[in-house]
Amino acid sequence: MSALLDVEDLAVRFRSDSGEVTALEGVSFSVAAGETLAIVGESSSGKSVSALAIMRLLPPAPACRVTGRIRFQGRDGPISLLDLPERAMVAVRGGEIAMIFQEPMTSLNPVHMIGRQIAEAVLAHEGGGKTAALRRAIELLDLVGIPDAARRAESYPHQLSGGMRQRAMIAMALASRPKLLIADEPTTALDVTVQAQILDLLRRLQAETGLAIIFITHNLGVVAEIADRTLVMYSGQVVEEAPTASLLAAPLMPYTRGLLNSVPRLEAALRPGQRLPAIAGNVPDPRHRPAACTFQPRCDWAQPDICGVTRPGMERVAEAHLVRCARWREIAV
Amino acid sequence: MARYLLSRIGQSLFLLLIVSIIGFALLHLTPGGPLSQFALTPGMTAADLHRIAHEMGLDQPLPIQYLVWLWHLLQGDWGRSYRDQEPVLAIIGEHLPATLELMASSTILAVIIGTWVGVLSAMRRYSVADYLATIGAMVALSIPTFWFGLVVIYIFSVSLEWLPSGGIATIGNGSVLDLARHLILPCVVLALVTVATWSRYMRSATLDVAAQDYVRTARAKGLRPGQILRQHILRNAMLPMITLAGLQLPTLLGGALVAETVFTWPGMGRLFLDSLGYRDYPVVMGLLMVSAILTLIGNLAADILYVVFDPRVRLA
Amino acid sequence: MSGVGTSQMEMAAGKPVRQGNRAVRRFLRHRLAIIGLLIILFLVLACAIGPSLLPYNQLHIDLRHRFQAPFMGPHILGSDQLGRDLLARLLMAGRISLTVGFVAMVLSTAVGVIIGLASGFYGGRIGGALMRLVDAVLCFPSIFLLLTLAALTTPSLLTITVIIALTAWMQVARIVDGQVRALRERDYMIAAEALGASDSRLMFRELLPNIVAPIVVSATLNVANAILMEAYVSYLGYGIQPPTPSWGNMLNNAQEYLTTAPWLALLPGAVITLAVSSFNFVGDGLRDALDPHMDLPG
Ligand SMILES: Nc1ncnc2c1ncn2[C@@H]1O[C@H](COP(=O)(O)OP(=O)(O)OP(=O)(O)O)[C@@H](O)[C@H]1O
Ligand SMILES: [Mg+2]
């Protein structure tokens, strides 16, 4: 079966006053229908940029260049997202691929009622009249577990709690039954109990609708709970990709091991907003990335004569397990 | 919300008090003070003046005089014109509508053009059009309004003979068309400064809003660009503009004075200059107070409008 | 991103970092501001030495060449209803108008800085009262105030300048007040206070040097505003009195001659616009150069 989404050799470059920044390079991965793929990595490793590149929501051409290939199994057959004219892309956004964000407060327009904001998405993709769209918005609010949905539809964002807002965002994302939902740290800003409720909701929706999810997070506890497969990103590249269980049981990239070591107990959820405890050292400045392995300066396993010379490629170590490390064989034993 | 509005009304009243003190101080700076209107009357002796001064309470201490003056002011007794002994408030009332007509029409014109230019500038940031709009606005703010008036009169009245060079209507012709023809030039001249200011603020408000997360959400849910602009960007960018509109009122009134002078428009501005020429201080002071009060009312109205349009304040 | 973050942190921790060099470079990048600066220099030089190079005195009446159009006779830029040389008058008027602009700027900035410093430094009742005063004065359209004050005094160069300054100090006061309130809570201020520095030392030695940038910007814009205000009052007859020419009063009678001698109206206004927009462009460039949060195209 061919994948729902197939990203190949994706690269993103930003140009600014101070020069060019390569935010992403050589990123390849795929997502199957109904699957959940987690993307983890430290801050500014390129997780959000990957998501925005798929949605084509990055700034336009001179300021930002996106290259590579992104194929998507649309309702009317396969499409190549990066080649799609903007008019057609508008229909894909929210229609076939939906996205929700970290800050449900700032992600909702403060001056419009929740119901109206959801109805807008319904209207954009399903057509029909305003009243019908509003009715559907209330159904959606109900679906995502907002009590008293009809009344809540007439609330403004600031009148809802953080969890409710994120539910409203999810309702908006579901407006036209997308096949893929990209969730960029949807629970980071919420407290633990609410976080668990949102994860439950996503799992339930996935079971009911066969939605595929790309779940971006810092929280490895969340990864263990929700993801079928996990992608580890570091400094603009994918460094390890594996089924979640084997990644957590036998990580091969030293960076992944560092991430795991710094989580005391997997099932213990991190406090809301808490970042992954740091691995010694810093992510390299994207403008001056080492030409060789980008993790080498921080790596306990680094061997200057190997790791400091060439940048390793992605290697397949098991059926669905890929890693970018010259020394994975030694690490594996 | 009611609390907020009450406190704003309180603040405005307090400001009005300070404004009235400034007005009173200016009145007493006039040569001869409030008494001067009688000093000009023929046959007036020093003894008469003394008696009048006593009757008017001018021999009282200043704070008492101020309170009395304020009391009269509050009762609508703003004094009488030196020129024709008409009550000041009645004279101002006669001239107010023409000024309001001019200000309202030019504001509407300026807001439409300014919004359009500002949004276009923001959407095409750093384009040639954006630079031209920036330079144009800066130059527009540097042009003396009266000179701009002369230039348009020269072009449209003297050279092309399309439009009248002044007045509010042709005598004996009250048609709407005639009124409109008289309104065009002063309206455009007065709108110049407002367009420039409005377009600059609109540009930066649009840029601010366009960078907000909820605009990204709107794009992510597949709205078309026009829809995003109208429903999300403009709707929010208008909020700071409401406040700006209130703050611009004194500038607008000042501009109206100049435009009315150039175009012999029978409004408050002309009245002000005429009264200055006749040293008709009661009218001058009355106009000063009215302009300050209009400003205060405008700012208060802007605050109320803001509350209406921003649910965060309304429902807080 | 990280660059902005650290510099903000440095600024929060201690005295604001000096950004002199970068500011100069940014200003130079601002082409319009440079052009504005050059125009100002040119106008100042022309008004200073130009009149002595011209064959005509600005008051010289030449009845044989009345209403001479520009470039059509002995008067380069034409002549007025009395045959006076327009160029000579423009240059002499420029001396007056530019002087009024500069001096009024100095006065209004000084008043604004002192009131703003006092209000921001003492805060509380005093600060509140001073800022309410600013709000109240701002309720009056400045032209109304200006004309009233001008009508109450005998017009002279000095009174006009002072009156213009009196109606233009409020913005500076507001800006200084806001900056001082923000700076006052910084560590180094608290430290200086703990060391027993006097109020005036704190205000003028510690606070003032740190808010020079916004003051310079608004002072520059104030010159533009003062020139414009002088033009308005003089045009309306309450400013500089003839026969002394000023850019504003040269337009006094121009409206009458609009049909016969339009250059009498067009030229002085164009010069005012040129001068005022030059100052505005310089002010704008300075603001961009001195404001660390601005963005310039690449
Ligand atoms: N609009 C932009 N212009 C310039 N650089 C950008 C832009 N957006 C992102 N970047 C850069 O791209 C890199 C990747 O950023 P990204 O937002 O994808 O990180 P992230 O992994 O999502 O981090 P976080 O966990 O903090 O959300 C960073 O170095 C960032 O500075
Ligand atoms: Mg991110």
Side-chain angles (χ1 to χ4, degrees), chain B residues 11 14-19 21-23 26 29-31 125-126 131 134-135 138-151 153-154 157-159 165 247 249-258 261-262 269 272-273 276-277 279 281 284-285 287-288 291-296 299, chain C residues 31-32 36 129 132-153 221 224-225 227-232 235-238 247-248 251 254-255 258-260 262 264-266 268-270 272-281 283-284 295-298:
Chain B
Q11 282 170 18
F14 181 65
L15 269 186
L16 191 58
L17 204 66
I18 307 183
V19 161
I21 294 175
I22 298 176
L26 279 173
L29 276 178
T30 54
R125 179 150 68 141
Y126 304 142
Y131 276 111
T134 306
I135 296 172
M138 198 74 92
V139 172
L141 289 173
S142 309
I143 295 179
T145 314
F146 61 87
W147 179 68
F148 184 59
L150 296 184
V151 173
I153 290 177
Y154 179 67
S157 304
V158 175
S159 303
S165 67
L247 292 176
L249 251 175
T251 315
L252 192 63
L253 271 166
L257 178 142
V258 178
T261 311
V262 177
F272 185 84
L273 269 176
L276 264 190
R279 316 250 143 197
Y281 293 120
V284 170
M285 292 308 151
L287 283 166
L288 265 181
S291 62
I293 292 170
L294 278 180
T295 305
L296 282 170
N299 284 339
Chain C
R31 250 172 258 141
L32 288 170
R132 289 301 80 72
L133 177 68
V134 168
D135 292 344
V137 179
L138 281 172
C139 282
F140 296 99
S142 50
I143 298 179
F144 280 55
L145 266 190
L146 207 56
L147 287 170
T148 309
L149 289 171
L152 293 178
T153 49
L221 299 176
N225 179 61
I227 295 175
L228 213 47
M229 285 301 140
E230 184 278 322
Y232 282 123
Y235 167 73
L236 295 170
Y238 291 91
W247 284 339
L251 288 157
Q255 196 162 358
L258 211 48
T259 3
T260 46
L264 290 182
L266 298 184
I272 298 174
T273 306
L274 187 70
V276 174
S277 46
S278 298
F279 280 103
N280 276 333
F281 280 122
D284 201 47
D295 62 321
L296 260 187

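All of these numbers come straight from a predicted model, not from anything done at the bench. Every chain is numbered from 1, with letters handed out A, B, ... down the list of sequences.
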Side chain to side chain contact (heavy atoms under 4.5 Å, CB included), that's the test. Do B:V262 and C:Y235 meet it? Break it down for me. CA-CA 10 Å; B:V262 177; C:Y235 167 73; 3.7 Å; yes
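- Between C:A265 and B:L150, the shortest heavy-atom contact is CB-CD1, 4.0 Å.
- Ranking B:G255, B:G254, B:G277, B:P144 against chain C, the residue ahead of the rest is B:P144, based on heavy-atom pairs under 4.5 Å.
- Highest contact tally toward chain B, considering only C:V137, C:I272, C:T273, C:L145, is held by C:T273 [criterion: heavy-atom pairs under 4.5 Å].
- The shortest distance between side-chain heavy atoms of C:L147 and B:L257 falls below 4.5 Å.
- Between the CZ atom in C:F279 and the OG atom in B:S142 there is a gap of 11.0 Å [rounded to 0.5 Å].
- You'll find the side chain of C:Y238 reaches within 4.5 Å of the side chain of B:L273, heavy atoms only.
- Heavy atoms closer than 4.5 Å to chain C are found in both the backbone and the side chain of B:I135.
- For C:L266, the parts lying near chain B are the backbone and the side chain together; criterion is any non-hydrogen pair under 4.5 Å.
- Contact of B:L288 with chain C is made through backbone and side chain together, with heavy-atom distances under 4.5 Å.
- Looking at B:F148, neither its backbone nor its side chain comes within 4.5 Å of chain C, counting heavy atoms on both sides.
- Of the residues considered (B:I22, B:V284, B:L247), B:I22 shows the highest number of contacts with chain C, using heavy-atom pairs under 4.5 Å.
- Taking each heavy atom of B:L15 and C:A136 in turn, the nearest pair found is CD2-N, 3.7 Å.
- A donor atom on one side chain and an acceptor atom on the other are not found under 3.5 Å apart for B:Y281 and C:T148.
- In this structure, the side chains of C:Y232 and B:T261 stay at 4.5 Å or more apart for every pair of heavy atoms.
- Here the CG atom belonging to C:L32 is positioned 8.0 Å from the CE atom belonging to B:M138, to the nearest 0.5 angstrom.
- Between chain B and the residues C:N280, C:I143, C:L133, the largest count of heavy-atom pairs under 4.5 Å involves C:N280.
- Across C:L251 and B:W147, no two heavy atoms sit closer than the pair CD2-CD1, 3.9 Å.
- B:V19 touches chain C through backbone and side chain together, each having a heavy atom under 4.5 Å away.
- Neither the backbone nor the side chain of B:S159 comes within contact range of chain C; no heavy atom of the residue lies under 4.5 Å from a heavy atom of that chain.
- There is no contact between B:T251 and chain C, counting heavy-atom distances below 4.5 Å.
- Of the listed residues (C:S277, C:A270, C:P141), the one with the most heavy-atom contacts under 4.5 Å to chain B is C:P141.
- For the atom pair CG (C:L149) and CG (B:L26), the distance works out to 5.5 Å, reported to the nearest 0.5 Å.
- If you take SG on C:C139 and CD1 on B:I18, they are separated by 9.0 Å, rounding to the nearest 0.5 Å.
- In this structure, the side chain of C:R132 does not engage the main chain of B:Q11 through any donor-acceptor pair within 3.5 Å.
- Rounded to the nearest 0.5 Å, atoms CG (C:N225) and CG (B:L141) are 11.0 Å apart.
- Listed here is the closest heavy atom pair of C:F144 and B:F272: O-CZ, 3.4 Å.
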